[in-house]
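One-based numbering, in listed order, for ligands and for the atoms of each.
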Amino acid sequence: MDANDPLLKGIEQGNFNALARAITFVENDIPPATELLRTIKVNSRVPVIGITGPPGAGKSTLVNAITEEIVKAGKKIAILAVDPTSPFNFGSLLGDRIRMSQQFNNPNVYIRSLATRGALGGISAKTIEIVDLIKAAGFDMILVETVGVGQSEVEIAGLADKTVVVLVPESGDEIQNIKSGLMEIAQAFVVNKADREGADTFANNLKKLVHQHHHIPVFKTVADKKEGIAELCEWLLQPTLIDNERKSFLLEEKAFKIIQHYRMVGVDRKKLHADLAEALKSPDFNIYRFTDSWI
Ligand SMILES: Nc1nc2c(ncn2[C@@H]2O[C@H](COP(=O)(O)OP(=O)(O)OP(=O)(O)O)[C@@H](O)[C@H]2O)c(=O)[nH]1
Ligand SMILES: [Mg+2]
C-alpha cells in the first residue's frame, strides 16, 4: 500500500471517519484490510486498558467516568466495547450508546462497539487488528470493555497492557473464582458500586487475598457518581512496566489468534452445513473422513 494512500493518511492524521472506514474493512474482511494492517504504523506506546468483569458490574459506567476524567486532562481516548458473548448484541449496543452519550460528540473521544467473537468464543483476531488500527490513529489511551464470561477474561489479558477487573460488593461469593483465575490476569481490581452494603468488607477481603501473593491495587468506585475515578485514572496513566516475559506472552497470544484466524479462512459454516447434509446421505458416513477435506 502506498504511504500516501488517503485512507492510510486519514488514519494517521487521527481522522475518525477514516478510522471508522478502516475498522469496517477489517470487521468484514474487505480487501484493503490486510494491506492496511501490513502498512500502518502501530504505536506500541499507546496504553491499552482492558476493562472486564461480570455482567452489570458497571463497566460501561466506569468507562464513561474514566473517559470524562482523561478528556479533562486534554487527552484523546478511544473506547472499544466488545461483546464476545453474542454476535447479535444490538440491545447491549444500544444500552452502551445511551450510557456513553455524554461523550458521543466529544471530538477527542472515539467510540466503537464490536459484536465479533473468536472462533472459540471470546476475543477475536479482529479485535486485535482493530486495536492496532486505533493504535495508529494518534490516541493517548484505548479502553476495551468486555464482559467477563469464561475465556474472555483471560483473553483480554492477552490484548491489554493493563487489565482491570471490575467487581461489585455482591461478588463476595466469587472469591474462589478470583483466587483461581482472575489473579493472574488482573493488574488492578475495582470494587464498583461501593455505595452498596458490604463494599468495605468485600474490598478488604479482596485486598488481603491479592496482597498475599501480588502487589495488585484494589480501588473502590461509585462509577455513576464519579467517585474514586481520579485515583483510578492516576494509576491508569502511569506507564506500564511490562517485563519481557509478559511482552512475549502478549505477542504470542496475538500471533496465535491471528494465525488461527487466517487458518480458518475458507471454513464457511454455510458450506460446511450443505456439504455435511450431502455427505450424510452416504450410509458409511464418517466424520473424520469427512473433515479430512476441510483440514
Ligand atoms: N449503585 C450503583 N449503581 C451503579 C454503579 N455503577 C453503575 N451502576 C449501575 O449498574 C447498572 C449496570 O451498569 P453498566 O455500566 O451497564 O454495567 P456493565 O458492567 O457495563 O454491564 P454489561 O456491559 O451489560 O456487562 C446500571 O444501571 C448502572 O447505572 C455504582 O457505582 N453504584
Ligand atoms: Mg457494558
Side-chain angles (χ1 to χ4, degrees), residues 48-70 77-104 109-117 121-124 127 130-131 142-157 159-160 162-174 177-178 182 185-186 188-204 206 217-233 235-236:
V48 178
I49 314 286
I51 308 278
T52 189
K59 298 177 294 296
S60 300
T61 316
L62 195 67
V63 163
N64 189 53
I66 293 169
T67 303
E68 209 177 282
E69 185 77 17
I70 300 288
I77 189 165
I79 298 160
L80 205 53
V82 184
D83 186 347
T85 56
S86 157
F88 310 107
N89 71 339
F90 300 110
S92 66
L93 241 157
L94 198 63
D96 277 332
R97 291 235 159 111
I98 292 164
R99 275 193 292 278
M100 303 290 262
S101 60
Q102 290 164 286
Q103 309 297 340
F104 241 112
V109 180
Y110 178 79
I111 303 175
R112 179 85 177 214
S113 293
L114 283 186
T116 157
R117 64 172 167 180
I123 301 296
S124 69
T127 308
I130 288 166
V131 167
I142 302 171
L143 295 179
V144 184
E145 177 192 337
T146 170
V147 186
V149 276
Q151 270 298 97
S152 59
E153 287 167 325
V154 181
E155 293 187 348
I156 190 77
L159 177 74
K162 282 181 181 172
T163 300
V164 177
V165 175
V166 184
L167 298 168
V168 291
E170 294 78 16
S171 310
D173 305 341
E174 291 167 36
N177 239 335
I178 296 165
L182 291 180
I185 63 146
F189 284 101
V190 167
V191 177
N192 189 41
K193 308 200 184 182
D195 52 327
R196 288 196 179 166
E197 210 181 309
D200 285 334
T201 313
F202 177 62
N204 287 335
L206 187 59
V218 176
F219 297 97
K220 272 193 296 182
T221 59
V222 184
D224 59 348
K225 298 204 178 69
K226 321 263 153 89
E227 287 174 28
I229 305 301
E231 205 184 354
L232 174 63
C233 286
W235 177 83
L236 288 177

Visitor: Decide yes or no for Leu167 and Phe189: does some side-chain heavy atom of the first lie under 4.5 Å from some side-chain heavy atom of the second?
Guide: yes
Visitor: If you check every N/O/S atom of Glu145, which is the one nearest the Mg ion (ligand 2)?
Guide: OE2
Visitor: Is the distance between the Mg ion (ligand 2) and the nearest N/O/S atom of Ser60 smaller than 2.8 Å?
Guide: yes
Visitor: Between Lys59 and Pro54, is there a donor-acceptor pair closer than 3.5 Å when you use the side chain of the first and the backbone of the second?
Guide: yes
Visitor: Under 3.5 Å, is there a donor-acceptor pair between the side chain of Thr52 and the main chain of Thr146?
Guide: yes
Visitor: Checking the N or O distance criterion of under 3.5 Å, is ligand 1 in contact with Ala194?
Guide: no
Visitor: Would Asp200 and Lys220 pass as an ion pair if we require N to O under 4.0 Å?
Guide: yes
Visitor: Below a 4.0 angstrom heavy-atom separation, can you tell me which part of Leu62, side chain or backbone, both or neither, approaches ligand 1?
Guide: neither
Visitor: Is Val222 close to ligand 1, meaning an N/O of one under 3.5 Å from an N/O of the other?
Guide: no
Visitor: Could you pull out, from Thr52, Val191, Asp224, the option with a heavy atom nearest to atom 3 (N) of ligand 1?
Guide: Asp224
Visitor: Evaluate the side-chain proximity of Asp195 to Lys225: yes if any heavy-atom separation is below 4.5 Å, no if none is.
Guide: yes
Visitor: State if Lys225 counts as touching ligand 1 under the rule of any non-hydrogen atom under 4.0 Å.
Guide: no
Visitor: Which option wins on minimum heavy-atom distance to atom 13 (O) of ligand 1: Val168, Thr221, Thr61?
Guide: Thr61
Visitor: Quick one about Thr221 and Glu227 (side-chain donor to acceptor, distance below 3.5 Å, no hydrogens or angles considered), yes or no?
Guide: no
Visitor: For the residue pair Ile49 and Ala160, what are the closest heavy atoms and their distance?
Guide: C-CB, 4.2 Å
Visitor: According to side-chain hydrogen bond (donor to acceptor under 3.5 Å, both in side chains), who are the partners of Lys162, at least two apart in sequence or on a separate chain?
Guide: none
Visitor: Show the atoms of ligand 1 that are less than 4.0 angstrom away from any heavy atom in Ser60.
Guide: 15 (O), 18 (P), 20 (O)
Visitor: Pro55 heavy atoms, cut-off 4.0 Å: which ligand 1 atoms fall inside?
Guide: 25 (O)
Visitor: Mark up the atoms of ligand 1 that fall under 4.0 Å of a heavy atom belonging to Ala223, in ascending order.
Guide: 6 (N), 30 (C), 31 (O)
